[in-house]
Amino acid sequence: METRPPLPPGQQLASKGKWPQVGEKTPEDLPDRWTVEVAGLVSQPRTFDLEALAALPQTEQAVDLHCVTRWSKPGMRFAGVRLADLLDVCGPLPEARFVRFVAYGSRSHDTSLPLEEALALGTMVARQVEGLPLTIEHGGPVRVVTPERYFYKSLKWLRRIELTARDQLGFWEREAGYHNTADPWREERYLAPALSRLQVREVLKTRNFAGRELRSIDCRGHELAGLDARDATLRDADFRDCPLAGARFEGANLSNARFAGADLRGATFSRADVEGADFAGADLRDCDLRGASLFGATFRATDAKRPTRMDATTKFDDSALEALMPDEEAFVRERLRSG
Ligand SMILES: Nc1nc2c(c(=O)[nH]1)N[C@H]1C(S)=C(S)[C@@H](COP(=O)(O)O)O[C@H]1N2
Ligand SMILES: [Mo]
């Protein structure tokens with residue numbers, strides 16, 4: 001049998017030939033003439049166009065992509081310039097301790113790393129993947145690729161590289177609570193929960209989560225039938241073993257949430273983001289998952305004593321199932337055909 005190197009904890013292989021587009025979709029306001037600026041604590045600030053980037057030493061390396069929403073794509077061959085070689089030309093000053101990457105597009109998406117770490121990891125300014133130019137959908141013509149970190153540290157549509165003395169939290173790190181160190185082997189997905197224990201106790205009593213920011217909330221085992229969680233932010237929330245019949249999760253962000261063993265009969269998830277969420281061992285009869293985005297979600301029971309209950313009454317968009325990992329897709333399709 002073929003042996004594969006192990007994946008970091010909680011990650012699964014994405015389907016062959018599938019590369020999910022995550023985060024910002026292609027921005028509309030990209031420049032006609034692409035340039036990458038190197039600024040901040042450097043002795044020679046410079047602006048590189050694509051020709052100037054191509055004139056620097058080129059390298060190729062295989063990088064394992066690990067998205068925080070639990071899909072991985074090991075061994076992707078990226079080609080471009082190593083950050084180290086690019087910065088050599090610009091003369092980093094001794095006070096420079098962090099590197100911040102800023103993207104084109106109206107939200108000026110950004111992320112940052114300690115400079116020494118970024119260099120040691122072999123971070124690259126990539127222009128090709130698998131021998132072809134990076135497509136716009138995947139951050140082309142120029143994106144950052146940071147090996148050994150969750151993929152949110154790999155910025156698409158690179159506009160500016162800034163060396164700084166102090167760290168400035170990036171977009172996902174501040175907006176979604178993603179961990180700033182982002183080491184997949186240590187499973188550094190999220191920072192500490194958004195609420196204190198006392199606040200959690202209060203909000204659990206109300207059974208009204210609608211529109212609230214409740215990242216990483218621990219609801220484990222609480223009676224929450226009929227919960228109103230419409231448009232709530234519930235990334236990484238723990239709903240294991242919760243009675244949640246008839247709960248409303250329309251438009252909620254449930255990325256990486258845990259529903260193992262939950263009773264979700266009649267619950268609705270339309271327009272919800274359940275990327276990376278775990279439904280293994282949940283009761284999903286009469287549950288409506290149409291319009292939910294499903295990349296990296298898991299349904300197969302891991303414990304034979306507690307099967308996932310799902311049948312023809314569970315509603316999915318057929319096309320959305322393609323976003324699942326192959327074994328998961330096969331499992332769900334088989335259950336949906338059963339009576
Ligand atoms: N400019 C920009 N870069 C970004 C993001 C983004 O939203 N905007 N999302 C990050 C996240 S969370 C991931 S997982 C990867 C996804 O890259 P892909 O769409 O090529 O798979 O890009 C990262 N870089
Ligand atoms: Mo991500």
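Atoms within a ligand are numbered from 1 in the order they appear, just like the ligands themselves. Keep in mind the model is a prediction, meaning the values are calculated, not measured. The first residue in the sequence is number 1, and the count goes up from there.
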* Structure fact -> Heavy-atom proximity to atom 15 (C) of ligand 1, picking from F295, F151, F171, points to F151
* To do: Return the orientation label for the F151 and W71 ring planes: parallel under 30°, perpendicular over 60°, tilted otherwise.
  => perpendicular
* Asked: Against heavy atoms of L155, which atoms of ligand 1 measure under 4.0 Å?
  -> 3 (N), 24 (N)
* Asked: Does a sphere of radius 6.0 Å around CZ in R197 hold more than 12 heavy atoms from other residues, nucleotides or ligands, not counting ones at 6.0 Å or beyond?
  -> no
* **Atoms of ligand 1 close to Q21 [distance to a heavy atom under 4.0 angstrom, numbered from 1]** => 19 (O)
* Does any donor atom in the side chain of E275 or S293 lie under 3.5 Å from an acceptor atom in the other side chain? -> yes
* **Under 3.5 Å side-chain donor-acceptor pair for E213 and T233** => no
* To do: Let me know which of R189, H66, Q11, E148 forms a side-chain contact (heavy atoms from CB on, under 4.5 Å) with P184.
  => H66
* To do: With heavy atoms of W19 as the reference, note each atom of ligand 1 found under 4.0 Å away.
  => 18 (P), 20 (O), 21 (O)
* To do: Would you mind running through ligand 1 and noting each atom that sits below 4.0 Å from a heavy atom of S154?
  => 22 (O), 23 (C), 24 (N)
* For ligand 1, which atoms sit closer than 4.0 Å to a heavy atom of P20? -> 18 (P), 19 (O), 21 (O)
* To do: Identify, by atom number and element, the atoms of ligand 1 in contact range of R107, meaning under 4.0 Å from any of its heavy atoms.
  => 6 (C), 7 (O)
* To do: Mark up the atoms of ligand 1 that fall under 4.0 Å of a heavy atom belonging to A103, in ascending order.
  => 1 (N)
* **Atoms of ligand 1, numbered as shown, that sit under 4.0 Å from any heavy atom of G23** => 7 (O)
* Asked: What do you reckon, does C67 put a non-hydrogen atom under 4.0 Å from ligand 1?
  -> yes
* Asked: Does E223 CD have over 12 foreign heavy atoms under 6.0 Å away?
  -> yes
